[in-house]
Structure formats: structure tokens, C-alpha cells
Amino acid sequence: RDREAKLLQQVEKNNDVAMCELGELYLNGAFGEPNVAEAMRLFMQAANRRNSHAMCLLENIYDSNLLGPKDP
């Protein structure tokens, strides 16, 4: 949880790299159950800062059906 706290401090400073790292940890369940919603929120925040890695992570979530079945 110390890693989470350090990353949260960086997220509060609008560090988009920390947003991606923390989002990936939430997505992978590093702190318990996977938290797709929180990961998405962080990835969207980083993507809005023009972070291309966050944009790719969002695409992966949409393609993986983690949000439910795709709507054609």
C-alpha cells in the first residue's frame, strides 16, 4: 500500500505517468480485486493530458470486453 500512496501523491500533482502506473495496478488487482472503473478514470485523466500509453490502455480495455459485451 506504500506504493499506492506514493503514486496517489504523484497523481494529485497531475503526473500522467503515475496515473498510468496506478491504473495498471488497479486493473491487475495489485491491491485486491481488480478495479476497472478506477483504472479507467485514471487512464482517461492521463489520456486527457495527451499520454499515448493511457490511450492504448483504454483501447485495450474496450477491446477486452472488461466493460461488458461490445456494442457494434
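Computed over heavy atoms, backbone and side chain alike; hydrogens, waters and symmetry mates excluded.
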Quick one: do Phe43 and Met19 end up in the same hydrophobic cluster if we chain Ile, Leu, Val, Met, Phe, Trp and Tyr together by side-chain heavy atoms under 4.5 Å apart? no
When rounded to the nearest 0.5 angstrom, what is the spacing between CG in Leu57 and CE in Met40? 11.0 Å
Met55 atom CE, neighbour heavy-atom count above 12 within 6.0 Å: yes
Could you tell me if the side chain of Glu24 sits less than 4.5 Å from the side chain of Leu42, heavy atoms only? no
Do any N or O atoms from the side chain of Asn51 and from the backbone of His53 form a donor-acceptor pair under 3.5 angstrom? yes
Sub-4.5 Å side-chain heavy-atom contact between Leu27 and Ile61: yes
Rounded at 0.5 Å granularity, tell me how far NZ in Lys13 sits from CG in Leu8. 12.0 Å
Is there a side-chain contact between Leu25 and Leu7 (heavy atoms, below 4.5 Å)? yes
For the student: nearest non-hydrogen atoms of Ala54 and Ala47, plus distance: CB-N, 3.6 Å
Donor-acceptor pair between Arg49 and Gln45 side chains, under 3.5 angstrom: no
In short, Ala18 meets Gln10 closest at the heavy-atom pair CB-CB, 3.5 Å
State, with a plain yes or no, whether a side-chain heavy atom of Phe31 is found less than 4.5 Å away from one of Glu38. no
Any heavy-atom pair between the side chains of Tyr26 and Val36 that's under 4.5 Å? no
Where the side chain of Asn15 meets the backbone of Val11, is there a donor-acceptor pair that is under 3.5 Å apart? no
